[in-house]
Each structure stands twice: as structure tokens, then as C-alpha cells.
Amino acid sequence: MSEPVPITINVNGRKRSAMVEARLLLVHFLRESLNLTGTHVGCDTSQCGACTVLLDGRSTKSCTVFAVQADGSEVQTIEGLADGDELHPLQDGFWEEHGLQCGYCTPGMIMSAVNLLEDNPAPSEAEIREGISGNICRCTGYQHIVNAIQHAAERMAQS
Amino acid sequence: MIPTAFEYRRAGSVAEALSLLQEGGPEAKLLAGGHSLIPMMKQRLAEPGLLIDIGGLDELRGIQEDGGEIAIGAAMTHAEIAASDVLRAQAPIVAETAANIGDAQVRNRGTIGGSLAHADPGADLPAVMVALDATIALLGPNGERKVQAEDFFQDILTVDLAEDEIVTGVCFQACRSAAYAKLEQRASKFALVGVAAALSLDGGTCSSARVAVTGASSHAQRLSGVEGALAGASLPGGAADAASGAGDALDFVNEDLHGSEEYRRAMTAVFARRAIEAAAGRS
């Protein structure tokens, strides 16, 4: 049996230290140790993207990373996206364009879109669809999600 | 979906990783991006007692070009490979193939070394490495060993890599006239059939070619019949003829719910033609 491992991860700008079992997945560390339950577990098989967070700025399925691998890294979750009461343009876009129905996929969808718009601030519709292809939504048929990301891209280009 | 308990060690250098591998023996596994290993551990198809994290090692990173030879460190992610200006200019097949692996999150974590060492029968990069006649660099307790890609891939999930060795990188000659075409499984983007073609062209005539398939069979392998038929062929017009027997020549063909053996054989010829045409169009 393995000994607990000390880790320190900067989560949403705050250093969080803990002793964890090496097999603890990052998503469980976020949800159960830090109570950051905005990051969802959907399929738990690296397919659906509901658990997507930014790990050192890159979209990552947190069900497929051990918390120990993120030791010393920066993690951003959906809870860290808004600036106080002001929604991030992507959160605003999902609100304005009705980019969700049940909302289960939304945190992961938004975190993927953050990475997408950082790499490509003015994506075409096809590029948006490819960019979120690691995130599965069972409600919307994706059209409103695409609209939401376009809305955010336009707003971010103006500011 | 909780893996069995294991000990985790983050190696500070390749040398330390090698000694940890020796210490751990058959219980030890290397971890970089973890996007093949961790899903297997969650299903308890793999239950290593020791995980040695080499993902952040600078020694395994970088993309260099020197006198027409390109070297990629094993820990480079698919996203980094896809974004590399050197690869886009000098070996676009590699950047394009990496850009179409899985999805964005998978590309942000998965590494070239991990993909090659794991050798999933549907992985894209093995076929590209075989077509480019790449050399895979391995480091073990007795020093470095270099293996040609076509000899490295041996069977399903089986490569010429000893328990105490680490894949440190790959190198190959720059090549513009090469392309990869795949029929992908829509959800995973793994190749049901993927063909990589690297051509030597003299005007519209192919002087020699290396063509390799993945997804169709147990492991990435050359399509020597197609290569032979391409020698002296005029392209792109001669691509269909050269590719026509590609699928029938395979000894063993995978069969699953995504595609029958017959379908994969037929698609091998189709995607061989598309890869050859795309490569010829690039010169």
C-alpha cells in the first residue's frame, strides 16, 4: 500500500495543499477535497469532457489526471472564471444564447471554449465544433453552444 | 473506476527514471500524459505498483531540425507537435496527424512517446513514423538503442521496448511530400483504417515510396505491394491503381463492431489512394 503524498496545487489563484493517495484523480480532489463541485464527472472514461479544467492553461480532462501529477501546477475551474460578480464572456455567452438545457456539460464545455478562444480568438463555426469535440452535450444539439462561443468571441474581440 | 493503489514517484531526470524502473521491475510503469495508461488503470486492465512520472522532464522535450533531420522529444504533446512551425514547414504530415488525434483535451496531455510505446492498433502516429522511416531512440541501463519504426511495432500493443528502457524520442528526415489519410471512428477519432504515404517525386513521377497502414491490422506496418506499384508510377493519376490491392495484401485484419474485415480491407485501398494523392499534391 502506498503512503499519502503531499501536494500543493494553485487552484483558481489560491494555493491548496493536501496529503493525498496517489490514485486520487484530480477531479475527485477538486470536488471532494476542495468542494469545488462545478467540475462534473460525466462518463469517467475520458470521453465526455464534463470534467474539463485548465491545467497550466490547457484544457484537460481532470478524470484522466492524478492529483499528484498536478502538484506544483495551476488549475482553473469554472468557479475561477468570473471576475467577482461579472461573468466571463463565455459564461455570459451561454446565458445570452441559451447554450444549455440541463447544464451538466456546461462547466466542461466552457473551460474547453476558454482554451479554444485563447488559441484561436476568431474561430469559424467548423473550428468551434472541432474545438469542443471532446465535450459531449446530450440536450442541445450543440447549435446554441456554438452560438454562445461565437457570442463570447465577438465580445472578447471588442474589449 | 478507481485504480488499484500504487506508489507515485516523479523522476527529476531520465537517469533517475531509469534507476526507478530497475528498482520497480515488472511492477513499474512510466507515466507521461497518461491518456492511454490511466483509462486502463481505471478499468483495472493495468495495475502497476509503481508509477514513474516522466511527463515534465526537459530532457524529453523539444523539436529540433538539424541539416534536414528532425528530432522530437518523447514527452512532446500532440498539441505541441500540431503547433510546431518546424514540423508544419518541413514535415507537415506529422503536424497534421497530431492535430487530428482524439480531441483538444487529449492532445493537450497525450505525448508522442506514449502513443508509440503503447502502440494501440488504431493509433495514428505509428503509421506516420513507419512511412517516414523514423528512428525511435530508446535509453536503457546499457545505454542508447535505436530502432527503425517498422521494426519497433511488432504486434497488438507490443513493441521492441524492454521493461527497463525508456522511449526518449524519434527522428526522421524532413519530408514535404507525405500525407496521412484516415477513416476515423467518429467518437474516439482512432483510425479504423489510416494510411501514411511518403513519396520521392521526380516531377509527376514517383521514384520511390514508403506507405504504411494503421488501424486495419494488429500493428502499424508497411504496405510493400503499394510501395512497389508506386515505383515509376505517374501521379496523381496512378494512385488508384497502385493502391488497389492494398487491403487484400494484409495478412491479418481487425474486425469489430465499427468495421468488418471486408470493410477494413476495402477502406485500406481507398485511404491508401487518398494518402498518395494528397502526398503527390503537396510537392
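Reminder, nothing fancy here: chain letters follow the sequence lines and each chain counts from 1.
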**Prompt:** Non-hydrogen atoms of chain B under 4.5 Å away: do they reach the side chain of A:I132, the backbone, both or neither?
**Reply:** neither
**Prompt:** Taking B:L37, B:D103, B:T77 one by one, which has the highest count of heavy-atom pairs under 4.5 Å against chain A?
**Reply:** B:D103
**Message:** Check this for me: B:R9, atom CZ, are more than 12 non-hydrogen atoms of other residues, nucleotides or ligands nearer than 6.0 Å?
**Reply:** no
**Prompt:** By a 4.5 Å heavy-atom criterion (distance strictly below it), what part of B:L31 contacts chain A: side chain, backbone, both, or neither?
**Reply:** side chain
**Message:** Which atoms of B:A79 are under 4.5 Å from chain A, going by heavy atoms: the side chain, the backbone, both sets, or neither?
**Reply:** side chain
**Request:** Flag yes if more than 12 heavy atoms outside B:K42 fall under 6.0 Å of its NZ atom; otherwise flag no.
**Result:** yes
**Asked** Would A:V68 and B:R10 count as a side chain to side chain contact (heavy atoms under 4.5 Å, CB included) if you check the C-alpha gap in whole Å, the side-chain angles of each, and the deciding distance to 0.1 Å?
**Response** CA-CA 9 Å; A:V68 287; B:R10 189 180 288 189; 6.0 Å; no
**Prompt:** With side chains defined as the heavy atoms from C-beta onward, is the minimum distance between A:R23 and B:Y8 less than 4.5 Å?
**Reply:** no
**Atom pair CZ/OG1 of B:R109 and A:T60 - distance to nearest 0.5 Å** = 5.5 Å
**Item:** Max heavy-atom pair count under 4.5 Å with chain A, selected residue of B:L51, B:V106, B:T4
**Value:** B:T4
**Complete:** All heavy atoms of B:F6 vs all of A:A22, minimum pair found to be CZ-O, 3.3 Å
**Message:** Is A:S133 close to chain B through its backbone or its side chain, or both, or neither, when contacts mean heavy atoms under 4.5 Å?
**Reply:** both
**Asked** Which atoms of A:L116 come close to chain B, meaning under 4.5 Å heavy atom to heavy atom: side chain ones, backbone ones, both, or neither?
**Response** neither
**Prompt:** Which region of A:S112, side chain (C-beta onward) or backbone (N, CA, C, O), has a non-hydrogen atom less than 4.5 Å from a non-hydrogen atom of chain B, or is it both or neither?
**Reply:** side chain
**Chi angles and distances behind the side chain to side chain contact (heavy atoms under 4.5 Å, CB included) call for B:Q105, A:N135** = CA-CA 9 Å; B:Q105 295 97 313; A:N135 295 75; 2.8 Å; yes
**Request:** For the pair B:N108 and A:S59, evaluate side-chain hydrogen bond (donor to acceptor under 3.5 Å, both in side chains) and give the outcome as yes or no after the intermediate values.
**Result:** CA-CA 7 Å; B:N108 281 337; A:S59 60; 3.0 Å; yes
**Prompt:** Between A:E130 and B:K189, is there a salt bridge with N-O shorter than 4.0 Å?
**Reply:** yes
**Prompt:** Can you list the steps and then say if A:R58 with B:E80 is a side chain to side chain contact (heavy atoms under 4.5 Å, CB included)?
**Reply:** CA-CA 11 Å; A:R58 307 295 300 177; B:E80 290 166 333; over 6 Å; no
**Request:** Please determine, among A:T45, A:I136, A:V65, A:D119, the option with the most heavy-atom pairs under 4.5 Å with chain B.
**Result:** A:V65
